[in-house]
Amino acid sequence: MSLKETGPSIAVVGVTGAVGQEFLSVLSDRDFPYRSIKMLASKRSAGRRITFEDNDYVVEELTPESFAGVDIALFSAGGSISREFGPIAVERGTIVVDNSSAFRMDEKVPLVIPEVNPEAMANIKVGKGKGALIANPNCSTIICLMAATPLHRRAKVLRMVVSTYQAASGAGAAAMDELELQTREVLEGKPPTCKIFNQQYAFNIFSHNASVLPNGYNEEEMKMVKETRKIWNDKDVKVTATCIRVPVMRAHAESVNLQFESPLDEDTARDILKNAPGVVVIDDRESNRFPTPLEVSNKDDVAVGRIRQDLSQDGNQGLDIFICGDQIRKGAALNAIQIAEMLL
């Protein structure tokens with residue numbers, strides 16, 4: 001049980017969604033201390049009952065008054081809700097950890113992966129009576145940088161090329177349900193139900209469903225570009241990404257090519273990654289065993305493998321790696337809870 005009189009009061013905004021439910025799971029798994037917890041959601045979900053750590057809670061409608069006496073609010077209810085209620089919560093002295101893209105590129109808001117740039121939120125703590133906003137990065141950015149950052153610290157990444165293979169979980173519980181439904185329908189010879197995506201998802205892959213921008217990149221790809229620069233505090237690092245939706249239920253995969261300023265051989269890289277916090281190396285060439293989405297689903301660690309020298313670059317200046325991470329855990333809820341732990 002995490003119920004402790006000395007703990008902070010917390011609120012979970014968007015508690016009935018996939019990430020909101022995972023917030024609760026991670027809070028419990030990590031024995032996060034709290035003296036009280038509020039379950040908050042839209043008017044439509046208000047009144048639902050949730051059992052958490054042997055106690056029953058009624059989901060309350062999110063209102064400006066919801067944050068009275070709340071120390072930490074975990075938000076995962078979409079950008080528009082965050083933009084409306086995040087500043088209101090901060091005004092009431094609440095520290096908001098926001099999982100949406102609403103504040104990520106705001107210069108005044110830290111964008112944090114605890115294993116990568118904890119210093120960005122060093123002055124924000126519970127108990128000071130001051131509210132604050134902290135942004136959770138995009139799931140693909142988190143999963144990528146968990147593995148790329150330890151290598152960047154050693155040899156400085158000049159250019160990074162990322163190709164993602166993103167699971168249904170990234171589009172929420174409804175997308176996961178639709179993938180399951182479509183799979184059954186296609187196997188039964190029926191036309192697939194396409195409500196979340198405008199095309200068949202089962203047994204298919206397609207460009208990420210984020211809006212395509214005038215430069216030809218979609219919003220998901222540009223998030224990786226901009227967020228990497230902010231988190232690494234390096235405006236000069238060159239990043240390009242291609243983000244693809246694949247018919248996997250949970251956990252994203254990413255192929256990452258790195259070009260370094262200093263030489264870095266694959267054996268040294270493998271040793272660095274084996275010692276990196278929150279990273280596990282699965283790199284067995286003899287058995288052709290490398291990270292898979294299934295293997296990391298419901299796991300906290302990000303897995304990395306296929307660690308090899310980039311033959312197209314001379315002098316050990318480049319590496320290729322393959323990364324898998326649970327989008328709902330480390331890519332969202334776990335990262336947010338780790339941020340909350342640093343506030344105590």
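These numbers come from the heavy atoms of this one structure, side chains and all, not from hydrogens, waters or symmetry mates.
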**Student:** Are Lys4 and Asp31 packed together at the side-chain level, in the sense that at least one heavy-atom pair is separated by less than 4.5 angstrom?
**Tutor:**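 Counting from C-beta outward, Lys4 and Asp31 do come under 4.5 Å.
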**Student:** If you count every heavy atom of other residues, nucleotides or ligands that lies below 6.0 Å from Glu65 atom CD, does the total exceed 12?
**Tutor:**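 Yes, the 6.0 Å shell around CD holds more than 12 heavy atoms from other groups.
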**Student:** For the side chain of Asn335 and the backbone of Cys139, is there at least one donor-acceptor N/O pair under 3.5 Å apart?
**Tutor:** no
**Student:** Got a donor-acceptor contact below 3.5 angstrom from the Lys230 side chain to the Arg104 backbone?
**Tutor:** yes
**Student:** Got more than 12 heavy atoms from elsewhere within 6.0 Å of CZ, Arg289?
**Tutor:** no
**Student:** If Ile, Leu, Val, Met, Phe, Trp and Tyr residues are connected whenever their side-chain heavy atoms lie under 4.5 Å apart, and connections chain through other members, are Leu344 and Ile339 in the same group?
**Tutor:** yes
**Student:** So, does Ser163 use its side chain to make a donor-acceptor pair with the main chain of Ser255 at under 3.5 Å?
**Tutor:**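 Not a single qualifying donor-acceptor pair exists.
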**Student:** Test: ring pair (Phe, Tyr, Trp, His ring centres under 6.0 Å). Region: residues 61-82. Which pairs qualify, not counting sequence neighbours?
**Tutor:**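 Listed by first then second residue: Phe67-Phe75.
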**Student:** By the ring pair (Phe, Tyr, Trp, His ring centres under 6.0 Å) test, which pairs, at least two apart or in different chains, include something from residues 225-281?
**Tutor:** His152-Trp232
**Student:** Decide whether Val112 and Leu343 are clustered together by the hydrophobic rule: side chain heavy atoms of Ile, Leu, Val, Met, Phe, Trp, Tyr closer than 4.5 Å, transitively.
**Tutor:** yes
**Student:** Does the Ser76 side chain pair with the main chain of Asn99, one donor and one acceptor, at a distance under 3.5 Å?
**Tutor:**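 Flag not set: sc Ser76 to bb Asn99 has no pair under 3.5 Å.
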**Student:** Look at atom CZ of Arg154 and say whether more than 12 heavy atoms of other residues, nucleotides or ligands are closer to it than 6.0 Å.
**Tutor:**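 Counting neighbours around CZ of Arg154, 12 or fewer heavy atoms of other residues, nucleotides or ligands fall under 6.0 Å, so no.
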**Student:** Got Phe52 and Ser28 here, is their nearest side-chain heavy-atom distance under 4.5 Å?
**Tutor:** yes
**Student:** With rounding to the nearest 0.5 angstrom, report the NE2 to CZ distance, His208 to Phe197.
**Tutor:** 7.5 Å
**Student:** In Å and rounded to the nearest 0.5 Å, what is the CZ to CG distance from Phe203 to Leu179?
**Tutor:**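 Answer for the CZ-CG pair, Phe203 versus Leu179, is 9.0 Å.
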**Student:** When rounded to the nearest 0.5 angstrom, what is the spacing between CG in Asp310 and CG in Leu319?
**Tutor:**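 These two atoms lie 8.0 Å from each other.
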**Student:** Please tell me if the side chains of Tyr34 and Glu53 come closer than 4.5 Å, counting only heavy atoms from C-beta onward.
**Tutor:** yes
**Student:** Counting neighbours of CG on Asn215 that are heavy atoms of other residues, nucleotides or ligands and sit closer than 6.0 Å, is the number greater than 12?
**Tutor:**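 Atom CG in Asn215 is packed in, count exceeds 12.
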**Student:** Quickly, which of Leu151, Leu258, Asn316, Val157 forms a side chain to side chain contact (heavy atoms under 4.5 Å, CB included) with Leu264? Name it, please.
**Tutor:** Leu151
**Student:** Would you say Met224 and Val212 are hydrophobically clustered, going by side-chain heavy atoms of ILVMFWY under 4.5 Å?
**Tutor:** no
**Student:** Atom NZ of Lys330 and atom CG of Asp300: how far apart are they, to the nearest 0.5 Å?
**Tutor:**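 Answer rounded to 0.5 Å: 8.5 Å.
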**Student:** Within the side chain of Glu22, is there an N or O that forms a donor-acceptor pair under 3.5 Å with the backbone of Arg329?
**Tutor:** no
**Student:** Donor-acceptor pairs are to be reported for all side-chain atoms of residues 122-133 against protein atoms at under 3.5 Å, with residues two or more places apart or in another chain.
**Tutor:**
{"from": "Lys125", "atom 1": "NZ", "to": "Met342", "atom 2": "O", "distance (Å)": "2.7"}
{"from": "Lys128", "atom 1": "NZ", "to": "Asn123", "atom 2": "O", "distance (Å)": "3.1"}

**Student:** Just by distance, do the side chain of Arg49 and the backbone of Tyr57 share a donor-acceptor pair under 3.5 Å?
**Tutor:**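 Not confirmed, Arg49 side chain does not pair with Tyr57 backbone.
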**Student:** Which distance, rounded to the nearest 0.5 Å, do you find between the CG of Leu27 and the CD1 of Ile37?
**Tutor:**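 Rounded to the nearest 0.5 Å, the CG-CD1 separation comes to 5.5 Å.
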**Student:** Connecting only ILVMFWY residues whose side-chain heavy atoms lie within less than 4.5 Å of each other, what is the rest of Val246's hydrophobic cluster?
**Tutor:**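 Other cluster members: Tyr165, Ile205, Ile244, Val248, Phe322.
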**Student:** Would you compute the distance between atom CG of Asp29 and atom CG of Leu24 and round it to the nearest 0.5 angstrom?
**Tutor:**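 Here the rounded value is 10.5 Å.
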**Student:** Decide if atom CG of Asp314 counts as having more than 12 heavy atoms of other residues, nucleotides or ligands within a radius under 6.0 Å.
**Tutor:**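 Counting other residues, nucleotides and ligands, CG of Asp314 stays at 12 neighbours or fewer.
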**Student:** Quick one: list whatever passes side chain to side chain donor-acceptor pair (under 3.5 Å) with Asn288, sequence neighbours left out.
**Tutor:** none
**Student:** Apply the test side chain to side chain donor-acceptor pair (under 3.5 Å) to residues Asp71 and Ser9: give CA-CA distance (whole Å), side-chain angles for both, the deciding distance (0.1 Å), then the verdict.
**Tutor:** CA-CA 5 Å; Asp71 295 313; Ser9 58; 3.3 Å; yes
**Student:** Okay, side chain of Asn136, backbone of Asp98: is any donor-acceptor separation there less than 3.5 Å?
**Tutor:**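 Looks like no, no N/O pair under 3.5 Å.
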**Student:** Give a yes or no on whether the backbone of Ser66 and the side-chain of Lys38 come within a donor-acceptor separation of less than 3.5 Å.
**Tutor:**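 Yes.
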**Student:** Glu221: which residues meet the side chain to side chain donor-acceptor pair (under 3.5 Å) condition with it, sequence neighbours left out?
**Tutor:** Asn218
**Student:** For the backbone of Ala120 and the side chain of Asn117, can you confirm whether one donor and one acceptor N or O come within less than 3.5 Å of each other?
**Tutor:** no
**Student:** For the residue pair Thr228 and Leu145, establish whether any side-chain heavy-atom pair is separated by less than 4.5 Å.
**Tutor:** yes
**Student:** Within the distance-only criterion (no hydrogens, no angle test), does the side chain of Glu185 pair as donor or acceptor with the backbone N or O of Thr193 below 3.5 angstrom?
**Tutor:** yes
**Student:** When Gln166 is tested against each of Glu220, Glu254, Gln327 for side-chain hydrogen bond (donor to acceptor under 3.5 Å, both in side chains), which residue passes?
**Tutor:**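 Filter result, single survivor: Glu220.
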